[in-house]
Amino acid sequence: MNYQVLARKWRPQTFNDVVGQTHIVKTLTNAIEKGRTAHAYLFSGSRGLGKTSLARILAKGLNCENGPTASPCNHCSMCIEIISATSVDVVEIDGASNTGVDDIRELKEDVRYIPLKGRYKIYIIDEVHMLSNSAFNALLKTLEEPPPHVIFIFATTEAHKIPQTILSRCQHFNFKRITYQEIMERLGFVAGKEGILLDERSSSIIARSSEGSMRDALILLDQVVSYCGKDVRQNDIETVLGLVGRERLSGFTNAIADKNAKIGLELIKALVDNSIDIRVFSREYVEYVRDLLIARVVEAPDHLIERPIENIELIKKEASLFSLDELQRFFAIFQQAHDEIARSGYPRFVLEIALIKAVKLRPLKPIEDIVQRLSEIERLISTDEIKNSKGVETGKIEDKKENDKPGARTGDILADESLQADNKKVWNEAIALPVDETVSWGQILTAIGEKRPNVRSYLEKGVLLNMTNADITIGYDEGSSFLADLLNREENISLIGSVAKDLSGRDRRVKITKLSGNQMSKAVSGSAGSEGEK
């Protein structure tokens, strides 16, 4: 079998071939040219970013027969041996398979010997974080003061697992994620060299699916070419990779915009019927809503949304169908749904419920409108233009003064929770005695408030039904019956009676009564004060 997969065939062989790691390439080439090569390097970063490839290129640059050089020839015996992994002076070690302290002891014995052909003996240890603590400790002394002909190059995807004692002895280079545009350009270059017809849309889908890994992108391209040949189309890529497709994402979004749950549910059914993973769709739709958000808040989002230009224009139009608040709430709904789908045995149902939530989402009232409404209510209260909860107008203070005369009916004014403090004072002072004119109910309330403020507040919630030389009767509606029970306690009855006696010199029987809705209405209107006592 002579075929070589694209990821291996187009593996970087020189510093100029490395994609997306300009800062590291520049540092290493300068170090070679100026003779400032370190004795230990640590390359860290996620998969497919070029860590091992760059380690081999550095080894070739240092051991090339035309070097040390930042441009290894790839034709001399040393370069060819390093490329084919047969060089005795460049040793590649799998850290996951050689984790023990005995493996490191063997390595320490080997470093004492000078290289056979090259200038340096170079050890490339991949996945170095897999070494045991004992192995790391055994390596410390050698790593700190290696022989002048030895260079260590460590590669790892989990730099946080490397002990600080090792990190402090290495020059650490963190490989960054390869950008969407850089992957697309490299895919176009490789496709051109291989005679593959790859349009921008297809290249874009592969670049997004690779998640910043150049190796993954080339493997995906290889997989698609194996399916459809060298004429690659968007539909072929979506079929091979099991992707959702922009049309489905757009249709789902338009169903939400139209508040049409039926169409959205039918789209979900179509996903299931076509064996498209609900988990894949939910992840892609969260990304899609994110793109809608970006398009809604950024005027020119082309550099922030990793999609073809024509797709970005459609995203802008769809984003205009929603407010920013709605898109933020959609993102929260589908992000939560995606997390639940990953754990649920019924992913379809979770996605359907999320769709219904989004379709039935009620618009939020702007906070400015709420503040304005509250200010309006506050203004109405301050000018006595609001009605109480029973629909009875509190009236103007001038109107209340007309009742401030002997013989006025006590039920003409209702004490209600919606009255302000100043209105309560006017109400108390406006009530006159039906028979006894020696003391007013307002005076009694004031005296009670000085002794027991809470009792006064309870009394203000009721209606004075009758006040004579012998009796004081106070009524409460059904909603305030608990206040009647509180006042009917012996200590409260005694307090009201004693205060009334102190002010008027007469003993009075105090009675607290509960009224039905009709009785309270009659008592308020002043038409049946006597009925309230029955």
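Along the sequence shown, residues carry numbers from 1.
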Note to self: Ile263 vs Asn254, test: side-chain contact (heavy atoms from CB on, under 4.5 Å). Steps then yes/no.
What the structure shows: CA-CA 9 Å; Ile263 292 179; Asn254 287 320; over 6 Å; no

Next item on the list: Could you walk me through whether Leu265 and Glu352 pass side-chain contact (heavy atoms from CB on, under 4.5 Å), step by step?
Entry: CA-CA 6 Å; Leu265 293 172; Glu352 288 175 338; 3.6 Å; yes

Next item on the list: Assess whether side-chain contact (heavy atoms from CB on, under 4.5 Å) is satisfied between Leu49 and Lys176, documenting all intermediate values.
Entry: CA-CA 7 Å; Leu49 301 184; Lys176 67 179 184 179; over 6 Å; no

Notebook entry, point to check: How far apart are the C-alpha atoms of Lys316 and Glu313, what are their side-chain angles, what is the distance that settles it, and do they pass the salt bridge (charged side-chain N to carboxylate O under 4.0 Å, His left out) test?
Noted result: CA-CA 5 Å; Lys316 288 179 182 179; Glu313 293 302 319; 3.5 Å; yes

Margin query: For a side-chain contact (heavy atoms from CB on, under 4.5 Å) check, start with the C-alpha distance between Leu107 and Val111, then their side-chain angles and the critical distance, and finish with the verdict.
Written below: CA-CA 6 Å; Leu107 183 150; Val111 300; 3.9 Å; yes

Checklist line | Candidate pair Tyr288 and Phe252, rule ring-ring contact (aromatic ring centres under 6.0 Å, His included), full reasoning | finding: CA-CA 11 Å; Tyr288 196 75; Phe252 201 73; 9.9 Å; no

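Side-chain N or O atoms of Arg112 include none that pairs as donor or acceptor with a backbone N or O of Lys108 at under 3.5 Å. Judged by distance alone, the side chain of Asp236 and the main-chain N or O of Val232 form no donor-acceptor pair under 3.5 Å. Lys117 places no side-chain N or O within donor-acceptor distance of the main-chain N or O of Val88, the cut-off being under 3.5 Å. A donor-acceptor pair under 3.5 Å is formed between the side chain of Asp222 and the backbone N or O of Leu6. Of the possible polar contacts, one joining the Asp89 side chain to the Gly118 backbone as a donor-acceptor pair under 3.5 Å is found. When atom types are taken as modelled, the side chain of Arg56 and the backbone of Thr52 share no donor-acceptor pair closer than 3.5 angstrom. Checked by atom type and distance alone, the side chain of Lys230 pairs as donor or acceptor with a backbone atom of Glu194 at under 3.5 Å. Of the possible polar contacts, none joining the Ser204 side chain to the Glu200 backbone as a donor-acceptor pair under 3.5 Å is found. Although no hydrogens or angles enter the test, the distance criterion places no donor-acceptor pair under 3.5 Å between the side chain of Lys51 and the main chain of Phe175. With hydrogens and angles ignored, the 3.5 Å screen pairs no side-chain donor or acceptor of His338 with any backbone N or O of Phe281.
With sequence neighbours excluded, the residues forming a side-chain hydrogen bond (donor to acceptor under 3.5 Å, both in side chains) with Asp216 are Arg47, Ser213, listed by chain and number.
Arg246 is not listed as a side-chain neighbour of Arg201, based on a closest heavy-atom distance of 4.5 Å or more. Proximity of Leu221 to Trp10: side-chain heavy atoms (C-beta onward) are nowhere separated by under 4.5 Å. Using a 4.5 Å heavy-atom cutoff, the side chains of Asp126 and Glu92 are not in contact. Looking at heavy atoms from C-beta onward, Leu143 lies in side-chain contact with Cys170 at the 4.5 angstrom threshold. Leu361 is not listed as a side-chain neighbour of Ile256, based on a closest heavy-atom distance of 4.5 Å or more. Residues Gln13 and Lys60 have side chains in contact (heavy-atom distance under 4.5 Å, counting atoms from C-beta outward). Between Val359 and Asn260 there is no side-chain heavy-atom pair separated by less than 4.5 Å. Annotation: side chain of Phe136 is in contact with side chain of Ile162 (closest heavy-atom distance under 4.5 Å).
Taking OG1 from Thr253 and OH from Tyr285, the interatomic distance works out to 3.0 Å, rounded to the nearest 0.5 Å. Atom-to-atom distance recorded for Ile151:CD1 and Leu62:CG is 4.5 Å, nearest 0.5 angstrom. Note that CG of Asp103 and CG of Leu139 are 11.5 Å apart. Values are rounded to the nearest 0.5 Å. Separation of atoms CZ (Arg307) and CG (Leu314) is listed at 11.0 Å; rounding is to 0.5 Å. Between the CD atom of Glu65 and the SG atom of Cys73 there is a distance of 7.0 Å, given to the nearest 0.5 Å. Put simply, OG on Ser344 and CZ on Arg279 are 7.5 Å apart, with the number rounded to the nearest 0.5 Å.
By the 4.0 Å N-to-carboxylate-O rule, Arg248 lies too far from Glu284 to be salt-bridged with it. Salt-bridge formation is detected for the pair Arg283/Glu287: a Lys NZ or Arg NE/NH1/NH2 atom is positioned less than 4.0 Å from an Asp or Glu carboxylate oxygen.
Contact detail for Met130 and Gly95: the closest heavy-atom pair is CB-O, 3.6 Å. Across all non-hydrogen atoms, the minimal contact from Ile183 to Ser210 is CD1-OG, 3.4 Å. Scanning both residues, Ala337 and Ala354, for their nearest heavy atoms gives CB-CB, 3.7 Å. Here the closest non-hydrogen pair linking Lys121 and Asp110 is NZ-O, 3.8 Å. Closest approach of Ser46 to Thr157, counting heavy atoms only: C-CG2, 4.4 Å. In terms of heavy atoms, Cys79 sits closest to Pro72 at SG-CB, 4.1 Å.
Checked against Val18 for a side chain to side chain contact (heavy atoms under 4.5 Å, CB included), the options Leu28, Leu54, Ile178 give a single hit: Leu54. With Arg177 as the partner, the salt bridge (charged side-chain N to carboxylate O under 4.0 Å, His left out) test is satisfied by one option alone out of Glu182, Glu306, Glu211: Glu306. Here the rule is ring pair (Phe, Tyr, Trp, His ring centres under 6.0 Å) with Phe152, and of Tyr41, Tyr120, Phe43, Tyr123 only Tyr123 fits it.
For Ile114, the CD1 atom sits in a loose shell: 12 or fewer heavy atoms of surrounding residues, nucleotides or ligands are nearer than 6.0 Å. Arg8 CZ: 12 or fewer foreign heavy atoms inside a 6.0 Å radius. For CD of Glu158, the number of neighbouring non-hydrogen atoms (other residues, nucleotides, ligands) closer than 6.0 Å is greater than 12. Remark: Lys269 NZ is loosely packed, at most 12 non-hydrogen atoms of other residues, nucleotides or ligands lying under 6.0 Å away. Heavy-atom neighbours of Glu247 CD from other residues, nucleotides or ligands within 6.0 Å: above the threshold of 12.
Applying the ring-ring contact (aromatic ring centres under 6.0 Å, His included) test to residues at least two apart or on different chains, the pairs with a partner in residues 299-327 are Phe322-Phe330. Pairs of residues two or more places apart, or lying in two chains, never qualify as side chain to side chain donor-acceptor pair (under 3.5 Å) while including a residue from residues 20-32.
Judged purely by distance below 3.5 Å, without hydrogens or angles, the side chains of Asp17 and Thr14 pair a donor atom with an acceptor atom.
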